[in-house]
Amino acid sequence: MSGRTRGARRTRTRRRHHDPAPRPTVAERLEAVDRLLDGEVTAAGGVWSRATAWILRLALEQAVDDLWDRVAPDLVRCPMRAQLLALRAYAGPDTAAAVAALWSALSRAAHHHDYDLAPAVADLRRWREQTAALSSALSRTGRPTGFAWVRTELD
């Protein structure tokens, strides 16, 4: 026997919880995409194009999250599809439709399917420019305008 009495419990040391690393900004994510597109990152191997699509999608989602943090913090906890529906009231129908279309395209491109080709460089560059433009537009978006039915009593 190991010197412990029967039934004695071993005490566990608790791990200290460290603060998570700060989340990269949208600009930092776009810089990472630029490095992937320029071929500076060689360690990505054959998955660099899908990794680029994932990073672009993360940047777009972060831009949407940043908007919710400013104007409607409760929406951050909703699924992304619900957030995209709510975006129409805050960013307008055109911007919301563009964000939803880009998010959908990036989602399709990021997931591997045996019958699909990896995204083309031209598509990735176009999506990068669209992500930058839409992120910029969302950063300038504030309270909903022109929608009388939007609840604002949560202010």
Side-chain angles (χ1 to χ4, degrees), residues 16-155:
R16 293 183 187 175
H17 293 284
H18 297 298
D19 290 332
R23 182 168 77 161
T25 65
V26 172
E28 290 169 337
R29 292 185 196 276
L30 292 175
E31 288 172 15
V33 165
D34 290 339
R35 287 193 305 275
L36 281 164
L37 288 172
D38 293 341
E40 293 176 29
V41 179
T42 57
V47 297
W48 71 270
S49 60
R50 293 196 195 282
T52 302
W54 274 113
I55 296 169
L56 286 170
R57 182 177 140 175
L58 286 170
L60 185 63
E61 289 175 352
Q62 184 171 347
V64 173
D65 284 350
D66 291 347
L67 169 66
W68 299 143
D69 285 341
R70 286 193 320 276
V71 299
D74 290 336
L75 285 171
V76 172
R77 294 189 308 257
C78 294
M80 189 61 183
R81 290 183 189 270
Q83 292 179 37
L84 292 174
L85 290 172
L87 192 58
R88 180 182 173 99
Y90 290 86
D94 295 337
T95 301
V99 169
L102 179 58
W103 183 83
S104 180
L106 291 170
S107 295
R108 278 191 314 274
H111 288 88
H112 175 76
H113 299 285
D114 290 336
Y115 50 85
D116 281 342
L117 296 173
V121 174
D123 291 330
L124 291 168
R125 290 189 190 283
R126 185 180 74 248
W127 293 333
R128 190 261 183 239
E129 295 308 316
Q130 290 173 342
T131 301
L134 290 170
S135 296
S136 177
L138 291 175
S139 71
R140 295 186 306 270
T141 300
R143 293 283 179 198
T145 57
F147 290 93
W149 53 268
V150 174
R151 293 178 40 179
T152 58
E153 66 266 10
L154 299 175
D155 295 337

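Every value quoted in this text rests on a predicted model; they were computed, and no experiment measured them.
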Output the distance between atom [atom1] ([X]) and atom [atom2] ([Y]), rounded to the nearest 0.5 Å.
| X | Y | atom1 | atom2 | answer |
| --- | --- | --- | --- | --- |
| Trp103 | Arg108 | CH2 | CZ | 10.5 Å |
| Arg29 | Arg128 | CZ | CZ | 14.0 Å |
| Thr131 | Leu56 | OG1 | CG | 4.5 Å |
| Leu30 | Gln62 | CG | CD | 9.5 Å |
| Leu36 | Arg50 | CG | CZ | 14.5 Å |
| Asp34 | Glu40 | CG | CD | 8.5 Å |

Electrostatic pair Glu61:Arg57 at N-O distance under 4.0 angstrom: yes
Evaluation steps, side-chain contact (heavy atoms from CB on, under 4.5 Å), between Trp54 and Val33: CA-CA 10 Å; Trp54 274 113; Val33 165; over 6 Å; no
Evaluation steps, side-chain contact (heavy atoms from CB on, under 4.5 Å), between Val99 and Leu84: CA-CA 8 Å; Val99 169; Leu84 292 174; 3.6 Å; yes
Heavy atoms, side chains only, cut-off 4.5 Å: are [X] and [Y] in contact?
| X | Y | result |
| --- | --- | --- |
| Leu75 | Tyr90 | yes |
| Pro119 | Trp127 | yes |
| Trp48 | Leu37 | yes |

Stepwise side-chain contact (heavy atoms from CB on, under 4.5 Å) check, Arg88 with Leu85: CA-CA 6 Å; Arg88 180 182 173 99; Leu85 290 172; over 6 Å; no
Looking at every non-hydrogen atom in both residues, tell me the closest pair between [X] and [Y] and how far apart they are.
| X | Y | answer |
| --- | --- | --- |
| Ala91 | Leu138 | CB-CD2, 4.0 Å |
| Ser139 | Arg70 | O-NH2, 3.5 Å |
| Ala59 | Val26 | O-CG2, 3.7 Å |
| Leu67 | Thr141 | CD1-O, 3.6 Å |
| Gln83 | Val76 | NE2-O, 3.4 Å |

